[in-house]
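Here's the structure we're looking at; comments come further down.
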Amino acid sequence: MALLPVEPGLAAAAATAGHEPATGQLDGRHSGDLLRLQRLLEHGDGFQLVFALSVSTIYRQLIIDHVGLHHPAATIIDLQQASDPSALFDALRQRPAGQQPVHLIGIEGWLHGAGAAALRALNYRRESLAAARRGTLVVWLEPGTVARFAHQEPDLWAWRAAVLDFSHPPEPRAVVHEQRLFIGAAERDARERRLAEINAHLQGVKDPGGPDAGLLLEASGIEAELGRPELAMAHAKAARAIFRGLDDRHGEALAAGCAADILQARG
Amino acid sequence: MEAGIEVPQVYLAPLQEWFRQVSHQISRSSSVDGALATGAEVKTRLPLVGSLFAHLTTAIRSNSTWKTEIREQVRNSFTDLAHRFNQLLPFVEGELRRQGRARALIFVVDSTDRLRGDEAEAFFIRDIHQLRQLRANSIYSAPITILDEQGAVGQNFDAIERLTMLKLADKGSAKRNEIAWQRLPELVHKRLPAENFNHETTLDHLIAHSGGHPRDLLRLVNLCFQEIDEGPITQAMAATAARRLSNEYRRLVQPTDYRLLADIDRGPPAHTPATIETRRLLYDLVLLDCNSYWWQTHPAVQALEGYRSAAAAGGAGADGPPAR
């Protein structure tokens, strides 16, 4: 198994399969859980067990690198090729004792090679795990592995500090989401047309997602430019509510900022 | 705990000798180093048994390979151990009574509920004759799956007590069980004073969402801390924590489980169908075992969309636990 120090700085995300984030940007819906992870790492002063879910190895590395900005000493233990039930404990014993976070990846490969004995060993020896690791252990899993973990390692599962979900697939985007109006240079007619386009789209949306909340923010900006602050505020509030429901803390902050700008402009 | 009982060497020597023999066998038959072979310290005060076996338990915990070897050796010589232990026990009990410190001795064996599958069956059913050789009052923790095993366990033990969740209310009743609603805040306030909550109803919300599961209640409080920058825990934080706990449980529930869960909640208290599915759900704490042995879906699962749909389809009034 490989022990890799985390390189500080965001990893450049190479485009792979169609659903991979090509730009290396974090999905706003994950900003809430990313914030939680940072808090856990910042305030934890003993052993903590965190489960993190992802479906993309590239995106997972993006998150790990983002975390590494504040915790450059964080390391990765990759169990993908391991087949010994004691592989994790052996790997931890090789590490110097300390509070630096450890990201554990390749769990599915390890379970495939080591079998059910690996989970039994992990559950049975969880006190040894806590004794060997004074910091946070971030266990990266595919979403489908969680139930198996919880069922076969109930005592270790009960120790979890958090389950963080970075596995949402990218949200579908329509043409209306991609065509953004450059408000500053647009004529009034173009702004009204864009508003109509946005409103027509949103009327047909049952469950607005992050991109739709983005449209509401755009509409808020246009309304503000057209001198209609009440409508602008309504759109900003609606966007904020959607972002809050998605746990998109980044989006929520943007919407709050828009609302603050409107209030400031109103005097 | 120091019991202040001087145990004559004549009672200790057989146990110490057993330990030395077993350790020697293990060291000889495996590549284990001399860590086990140091033998028991010569202690004449309780808890002697704990210190005697501390080396074995440490070795078992530190290495899965040794575990198998150690267990094999202990199993092969268990009758001998039981005999020597039974020689010590009457002396200790007699001494406790003579000193007026206790009427009886009880051994509480915890963590045996962690045994799984074949190991659990061996311990509680197939090899039960070994445990019964120990002439001691003992309480063993058992995994819930064993309690459903064809009644075999009931024949092997003198009594079976199910440790259920704290009952927040009777099934289908909105009336609170006041004792639980007093004790659970005490549980929290031993760790976090009341002033850390903006209002007592905030903690009530967490209690309701825990379903009477003490560990989940503490987990909910911890989840609140993950949301907080400063100030007391508010209703909004409590609601977010509850939502997060629900998302964790969502991972454990299969789509076909929701209808079963809604049916159980809708049914009378006696409706506790023992199936592979309900056993799994009990094991994963999706289904909670409550006082007098009725079942109820964990409130964290009741909050999920899948459950609400199933409950609505069945016409259930599954509104979750009683709120104030």
Side-chain angles (χ1 to χ4, degrees), chain A residues 32-33 35-40 42-44 48 50-51 53 84-87 89-90 93 114 116-132 141-165 167 244-245 247 249, chain B residues 57-68 71 110-120 141 143-145 213-216 218-219 222-229 236 239-241 243-255 257 279-286 300 305:
Chain A
D33 275 353
L35 196 59
R36 289 174 71 206
L37 177 58
Q38 288 168 335
R39 278 206 178 111
L40 285 164
E42 187 182 324
H43 298 298
Q48 281 188 125
V50 173
F51 291 96
L53 312 183
D84 186 334
S86 296
F89 298 95
D90 295 338
R93 265 197 290 274
L119 289 179
R120 276 203 302 271
L122 205 51
N123 193 60
Y124 195 82
R125 296 169 60 189
R126 69 186 194 280
E127 285 94 353
S128 302
L129 187 69
L141 298 174
E142 293 169 10
T145 310
V146 172
R148 185 181 171 191
F149 228 80
H151 190 75
Q152 295 187 19
E153 291 188 58
D155 306 293
L156 190 63
W157 173 252
W159 277 13
R160 68 192 185 277
V163 179
L164 308 174
D165 193 351
S167 69
R244 186 180 301 125
D247 195 31
R249 303 292 290 272
Chain B
T57 53
T58 300
I60 287 172
R61 282 199 178 128
S62 65
N63 191 300
S64 299
T65 307
W66 295 4
K67 177 182 79 174
T68 308
R71 282 182 173 175
D110 197 7
S111 301
T112 41
D113 58 309
R114 294 186 208 173
L115 294 173
R116 298 286 176 262
D118 203 49
E119 288 180 340
S141 62
I144 196 165
T145 48
H213 186 333
R215 180 169 282 181
D216 271 356
L218 295 178
R219 176 168 291 111
N222 273 327
L223 289 173
C224 288
F225 274 111
Q226 292 172 20
E227 301 297 321
I228 207 169
D229 285 316
T240 301
R243 201 168 56 244
R244 295 206 187 284
L245 186 67
S246 289
N247 279 334
E248 291 180 11
Y249 273 96
R250 181 168 59 84
R251 303 279 171 197
L252 309 184
V253 185
Q254 297 172 13
D257 291 336
R279 191 184 302 175
R280 169 176 53 82
L281 293 167
L282 284 166
Y283 195 84
D284 290 343
L285 297 174
V286 170
E305 178 56 37

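We name chains A, B, ... by the order of the sequence lines, and we start the count at 1 in each one.
The minimum heavy-atom distance between A:His151 and B:Tyr283, with the atom names listed, is O-CE2, 3.2 Å.
Comparing A:Ala158, A:Ala150, A:Ala161 by heavy-atom pairs within less than 4.5 Å of chain B, the highest count is held by A:Ala158.
Heavy atoms closer than 4.5 Å to chain A are found in the side chain of B:Leu245, but not in its backbone. Of the two parts of B:Asn222, neither the backbone nor the side chain holds a non-hydrogen atom closer than 4.5 Å to a non-hydrogen atom of chain A. Looking at A:Asp33, only its side chain comes within 4.5 Å of chain B, counting heavy atoms on both sides. The contact between B:Ile228 and chain A is made entirely by backbone atoms, counting heavy-atom distances below 4.5 Å. Neither the backbone nor the side chain of A:Leu35 comes within less than 4.5 Å of any heavy atom in chain B.
Between A:Asp155 atom CG and B:Asp113 atom CG the span is 6.5 Å, to the nearest 0.5 Å. The CH2 atom of A:Trp157 sits 5.5 Å away from the CG atom of B:Leu252 when rounded to the nearest 0.5 Å. Annotation: the span from A:Leu164 atom CG to B:Asn247 atom CG amounts to 11.0 Å, rounded to 0.5 Å.
The stretch residues 141-149 of chain A places A:Pro143, A:Val146, A:Ala147 near chain B, each with some heavy atom under 4.5 Å from a heavy atom of that chain.
In this structure, the salt bridge (charged side-chain N to carboxylate O under 4.0 Å, His left out) partners of B:Asp257, at least two apart in sequence or on a different chain, are B:Arg280. With sequence neighbours left out, A:Asp165 forms a side chain to side chain donor-acceptor pair (under 3.5 Å) with A:Ser167, B:Arg251. Partners of A:Glu153 according to the side chain to side chain donor-acceptor pair (under 3.5 Å) rule, which considers only residues two or more places apart in sequence or in another chain, do not exist here.
Between the side chains of A:Arg36 and B:Gln226, at least one donor N or O sits under 3.5 Å from an acceptor N or O.
Ionic pairing of B:Glu227 and A:Arg39 is not present here: no N-O contact between side-chain nitrogen and carboxylate oxygen is shorter than 4.0 angstrom. Checked for salt-bridge contact, A:Asp247 and B:Arg243 miss the test: no charged N lies under 4.0 Å from a carboxylate O.
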